[in-house]
Amino acid sequence: MKILVVEDNDRLRKSLVEYLRDEGFAVDGAADGVEGLYRAREWDYDAIVLDVMIPAPDGFEVLKRLRSEGKTAPVLMLTARTGLDDRLHGLDSGADDYLAKPFELAELVARIRSLTRRARHVPCPLIRIGPLEMNMALRTIELSGGAVELTAREYALLELLALRRDEVVSREFLYEHLFDERDDTMSNMLDVYIYKLRHKLGKGVIRTRRGIGYQIAEPGAAEEPEAGS
């Protein structure tokens, strides 16, 4: 999942970015409304964390402009204001959720995960694909009843595919939503993580669709043969 954090407090923004990356998200940061608007217009984020009191345009105005331009990424607004009028203003502007400062980082992550599930019309955090069971609330994986340990990035890749289990997901989409501006997306990192997931979950868990991308499948399903094989 790729997240944009728009927060003018340098210390808080860096803390949020670091924590979310540790949780397996790809994260970009913006320090004001101008940069936030630019990034949100240029990249396809799975969710946006948007502070209300950022340098102009403020969070309310950023949100209004994005919604008027058809941007539908879920938006979680952060604010030190706790008045009802402010919350209603944010929600009426198109916010999907509101979190008052100060807050626990674990709650922020839980809210982001809930927003991204709802955006994909997955109300239940439990996904079953054959013998594979994925609990997106607890971030646990079981295969035939046994626990499987995944790294944060491996889990993020599996989650992206599981939320789109009826789709073939392109390499470009996976690169964009797994890696952020720190990563060298021209490397073979995606291939490495797909190899690791296949090793842990079974070779058939991720099917290659030649020239298109990848699709999650029941573990043990036959892999599509490579060209020339």
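Here, residue 1 is the first one in the sequence, and each next residue gets the next number. Note that the coordinates shown come from a computational prediction; the quantities given were computed from them, not determined experimentally.
Ionic pairing of Glu23 and Arg139 is present here: one or more N-O contacts between side-chain nitrogen and carboxylate oxygen are shorter than 4.0 angstrom. For Arg65 and Glu69, the salt-bridge test fails: no basic side-chain N is under 4.0 Å from an acidic carboxylate O. Comment: Asp191 engages Arg171 in a salt bridge, judged by a side-chain N to carboxylate O separation of less than 4.0 angstrom.
Side-chain atoms of Leu158 and Ile206, non-hydrogen and from C-beta on, never get closer than 4.5 Å to each other. Residues Leu20 and Val109 form a side-chain contact, since some pair of their non-hydrogen atoms from C-beta on lies under 4.5 Å apart. Using a 4.5 Å heavy-atom cutoff, the side chains of Leu132 and Ile127 are not in contact. In this structure, the side chains of Met189 and Leu178 stay at 4.5 Å or more apart for every pair of heavy atoms. Considering only heavy atoms from C-beta on, Met53 stays 4.5 Å or farther from Asp8 through its side chain.
Every residue meeting the ring-ring contact (aromatic ring centres under 6.0 Å, His included) condition with Phe173, not counting sequence neighbours, appears here in chain and number order: His177. Applying the salt bridge (Lys or Arg N to Asp or Glu O under 4.0 Å) criterion to Arg13, with sequence neighbours excluded, gives Asp10. Arg111 is linked by a side-chain hydrogen bond (donor to acceptor under 3.5 Å, both in side chains) to Asp97, Glu107, counting only residues two or more places apart in sequence or in another chain. Partners of Lys71 by side-chain hydrogen bond (donor to acceptor under 3.5 Å, both in side chains), not counting sequence neighbours: none found. The salt bridge (Lys or Arg N to Asp or Glu O under 4.0 Å) test applied to Arg67 returns Asp96, not counting sequence neighbours. Remark: Glu133 engages Arg128 in a side-chain hydrogen bond (donor to acceptor under 3.5 Å, both in side chains) (not counting sequence neighbours).
When each of Met1, Glu159, Met136 is paired with Thr116, the side-chain contact (heavy atoms from CB on, under 4.5 Å) condition holds for Met1 and for no other.
Of the possible polar contacts, none joining the Glu154 side chain to the Leu150 backbone as a donor-acceptor pair under 3.5 Å is found. Without hydrogens or angle criteria, Arg39 side chain to Gly29 main chain gives a donor-acceptor distance under 3.5 Å. In this structure, the side chain of Arg209 does not engage the main chain of Gln215 through any donor-acceptor pair within 3.5 Å. Side-chain atoms of Lys200 come within 3.5 Å of backbone atoms of Glu149 as a donor-acceptor pair (strictly under, hydrogens ignored). Side chain of Asp46 to backbone of Lys2: a donor-acceptor contact under 3.5 angstrom is found. In this structure a side-chain-to-backbone donor-acceptor pair under 3.5 Å is present from Arg164 to Leu160.
Cluster annotation: Ile48 is connected to Tyr38 through the hydrophobic network of ILVMFWY side chains, with a link wherever side-chain heavy atoms come within less than 4.5 Å. Hydrophobic clustering (ILVMFWY, side-chain heavy atoms < 4.5 Å, transitive): Val168 and Leu174 are in distinct clusters. Both Ile3 and Phe103 belong to a single network of hydrophobic side chains, linked directly or stepwise wherever heavy atoms of I, L, V, M, F, W or Y lie under 4.5 Å apart. Linking Ile, Leu, Val, Met, Phe, Trp and Tyr residues whenever their side-chain heavy atoms come within less than 4.5 Å leaves Val205 and Leu126 in two separate clusters.
Counting non-hydrogen atoms of neighbouring residues, nucleotides and ligands closer than 6.0 angstrom, the CD atom of Glu104 reaches no more than 12 such neighbours.
A parallel orientation is assigned to the rings of His199 and Tyr195, their planes being inclined by less than 30° (bins at 30° and 60°).
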